[in-house]
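Contents: one structure, followed by commentary.
The chains referred to below are lettered A, B, ... by the order of the sequence lines, with proteins before strands, and numbering in each begins at 1. For clarity, every value in this text was computed on a predicted model and none was experimentally measured.
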There are 2 protein chains.
Amino acid sequence: MDAQTGTSTHAQRALITLRQRILSGQLPGGTRLFEVALAEELAISRTPIRAALSQLAEETLLERAKGGGFVVRSFKLADVVDTIDLRGVLEGTAARYAAERGADAALLERAHVVLRGIDAVVSDQSIDMDAYSALNSEFHLLLAHMSGSDILQREIARVTALPFASPSAFLDDHTRIDTLQKTLGAAQDQHRAIIDAIEHRESGRAESLAREHARAARRNVEYLLSHEAALREGVASLALLSN
Amino acid sequence: MDAQTGTSTHAQRALITLRQRILSGQLPGGTRLFEVALAEELAISRTPIRAALSQLAEETLLERAKGGGFVVRSFKLADVVDTIDLRGVLEGTAARYAAERGADAALLERAHVVLRGIDAVVSDQSIDMDAYSALNSEFHLLLAHMSGSDILQREIARVTALPFASPSAFLDDHTRIDTLQKTLGAAQDQHRAIIDAIEHRESGRAESLAREHARAARRNVEYLLSHEAALREGVASLALLSN
DNA sequence: CCGGTGGCGCATGTATACATAAGATGGCCA
DNA sequence: TGGCCATCTTATGTATACATGCGCCACCGG
């Protein structure tokens, strides 16, 4: 019905609208969301609004307030760093499991295909960031899958859902091409090393490498944040930060 | 209003009732929950039922079905083991952070008090399991708190919410006193070692110890499951398992 | 001037009627 | 006899009216 969003129900559209507003910082952390106000603004009834709010709470973007109601979750700078580190810990565990238990051959093969794809993108003169982002995301997805643990995979997906903890966060903020190429090249080296460790069943090495790989993303954030407004401006992934 | 459950709203009561049914295995994994049926049975309208179902989805006990509706999440045996291991990984990270960043003095002091309390309970002739359970839970809560990371603390709380991943799961299934006392004594040694490592800022040791501590719980589960029906019967924490 | 108390208003809780879409079912036709 | 289509059932989606409960503010009494 709704060609714009591709969804049919009011609740779905409200969910998408509100999520976008939270992620963009338009609804800052700590903001309380009132059902009636939202219902009037979106021109629908309270019922689909409540459904949307519930789902946003599942995504951890909202928290239930005491005595009912929802409040936009607020993220401090330390939370961003901790979440990225947490992703490193979880992906490290995934890599370790893959090495210990043995990764599925088809997944490993696909990983090599993805790695070659990233090579092609990075070596190109003008880097296609969308293509890189897609391939990078798939690599991290494959890594989680290789763990062979549904529980772990699910948990990684949860943490990764936060925009600043996504493997492909902070990719669109590199102004100079040479710096970007160097950064992506280093990340790619780590990708290769992780797969190599998994294939050689070196679980400790695999875990350490995956952790360190996330650490690079953390360094990137810390660099962005140390330069305050100048760089932080226009970094979409950080729009929902509190301070 | 409701003296039994101590809650006031219909949604709260429905939440408690349904959660109990899922955890007890009365509603097996894969069961689809129909709003109308539940509403009639609990003699309330669909609205509070939907509220309760949403909250159960937040607790990961329910999953949203394609095309709407909710299904009871099903846990395989491997999921139990993986979740306990995941707790170990997360608590290991908490212990490492505490060692690296330095734990709050008040929390450390409280931890020592708890450890002395556990000593008293364990050395007693007939062990007061409720007292042990409460102290053990508090110890693990303190550990998460010592990490100094809200993100990590929250994630540990999420994982720990599952009954079989709780630090105090599988405590009421020990028939012989001597075995129990030995088990709890070993766990207590690990508790002490973890705190010692944190106090001496030995982060690697702290992380390893916390992981191994969870591993003990995992061994306990694997033992229970290897003896099938005989032991598994009557272990409340495992009631919601699929097979 | 201060403290308590009453009421009022707002936000969520609840019930219910109606809309809609997807799946089950039965019959009909090839 | 098998497959397809219409229809009907059923479950969720949505709107709306009413209930409830809590907090705030003002007013009154000391």
Side-chain angles (χ1 to χ4, degrees), chain A residues 1-22 27-74, chain B residues 1-22 27-74:
Chain A
M1 180 183 282
D2 192 68
Q4 298 284 334
T5 59
T7 53
S8 53
T9 71
H10 288 162
Q12 288 291 311
R13 285 192 287 275
L15 172 64
I16 290 170
T17 301
L18 293 176
R19 185 195 289 126
Q20 189 273 329
R21 287 189 189 179
I22 294 170
L27 289 172
T31 304
R32 177 151 182 189
L33 298 182
F34 298 104
E35 297 174 3
V36 273
L38 293 172
E40 283 177 15
E41 190 193 343
L42 301 182
I44 57 180
S45 78
R46 281 173 56 208
T47 311
I49 293 288
R50 290 184 72 138
L53 295 178
S54 292
Q55 284 201 245
L56 287 169
E58 282 178 51
E59 297 177 18
T60 75
L61 291 178
L62 294 183
E63 293 176 331
R64 290 184 187 271
K66 49 122 189 137
F70 294 91
V71 174
V72 178
R73 183 173 171 193
S74 50
Chain B
M1 180 182 281
D2 192 66
Q4 298 283 333
T5 58
T7 54
S8 51
T9 70
H10 286 162
Q12 287 291 312
R13 284 193 288 275
L15 172 64
I16 291 171
T17 300
L18 293 175
R19 185 195 290 126
Q20 188 273 328
R21 287 190 188 177
I22 294 169
L27 289 172
T31 305
R32 178 154 183 189
L33 299 182
F34 299 106
E35 297 174 3
V36 273
L38 292 172
E40 283 177 15
E41 189 193 342
L42 301 182
I44 57 181
S45 80
R46 281 173 56 207
T47 312
I49 294 287
R50 289 184 74 138
L53 295 179
S54 291
Q55 286 202 244
L56 287 169
E58 282 177 50
E59 297 177 17
T60 76
L61 291 177
L62 295 183
E63 293 177 330
R64 289 182 187 273
K66 53 135 185 112
F70 294 90
V71 174
V72 178
R73 184 171 169 194
S74 51

Q) Separation of E35(A) atom CD from dT14(C) atom C1', in whole Å? A) 12 Å
Q. In whole Å, what is the span from the CZ atom of R13(A) to the P atom of dT14(D)?
A. 8 Å
Q. Counting any heavy atom closer than 4.0 Å, what does R32(B) reach on the DNA or RNA strands: base, sugar-phosphate only, or nothing?
A. sugar-phosphate
(Q) If you compare every side-chain N and O of R46(A) against the phosphate oxygens of dA11(C) (OP1, OP2), does one of them come in below 4.0 Å? (A) no
(Q) Nearest to the side chain of H10(A), heavy atoms from C-beta on, is which of dT14(C), dT12(D), dA15(D)? (A) dA15(D)
Q) Between L33(B) and T47(B), which has a closest nucleotide on DNA chain D that is more 5'? A) L33(B)
Q: Walk me through it: do V71(B) and K66(B) pass the test side-chain contact (heavy atoms from CB on, under 4.5 Å)?
A: CA-CA 10 Å; V71(B) 174; K66(B) 53 135 185 112; over 6 Å; no
**Q.** Main-chain N/O of L61(B) paired to R73(B) side chain as donor or acceptor, under 3.5 Å
**A.** no
Q) Reckon A11(A) touches a base, only the sugar-phosphate, or nothing at all at heavy-atom distances under 4.0 Å? A) sugar-phosphate
Q: Answer yes when R64(B) and E58(B) have at least one side-chain N-carboxylate O distance shorter than 4.0 Å, and no when they do not.
A: no
Q. Among dG13(C), dT16(D), dG13(D), which is the nearest nucleotide to the side chain of S45(A)?
A. dT16(D)
Q | Expected output: side-chain T17(B) to main-chain R13(B) donor-acceptor under 3.5 Å | A | yes
Q) Within this structure, what is the CD1-to-C1' distance between I49(B) and dT16(C), rounded to whole angstrom? A) 15 Å
**Q.** Gap between atoms CZ and C1', on R50(A) and dG13(C) respectively (whole Å)
**A.** 6 Å
Q: May I have the distance from L53(B) (atom CG) to dT14(C) (atom C1'), rounded to whole angstrom?
A: 15 Å
Q. Can you find a heavy atom in the side chain of L56(A) that is under 4.5 Å from one in the side chain of V72(A)?
A. no
Q) Over how many whole Å does the gap from L42(A) atom CG to dT14(D) atom P extend? A) 12 Å
Q. More 5' along DNA chain C: F34(A) or P48(B), using each one's nearest nucleotide?
A. F34(A)
Q: Can you tell me the distance, in whole Å, between the CZ atom of R64(B) and the P atom of dA11(D)?
A: 19 Å
Q) Once you round it to whole Å, what is the distance between P of dG13(D) and CD1 of I44(A)? A) 13 Å
Q: Check every strand shown and say whether K66(B) touches a base, only sugar-phosphate, or nothing at a heavy-atom separation below 4.0 Å.
A: sugar-phosphate
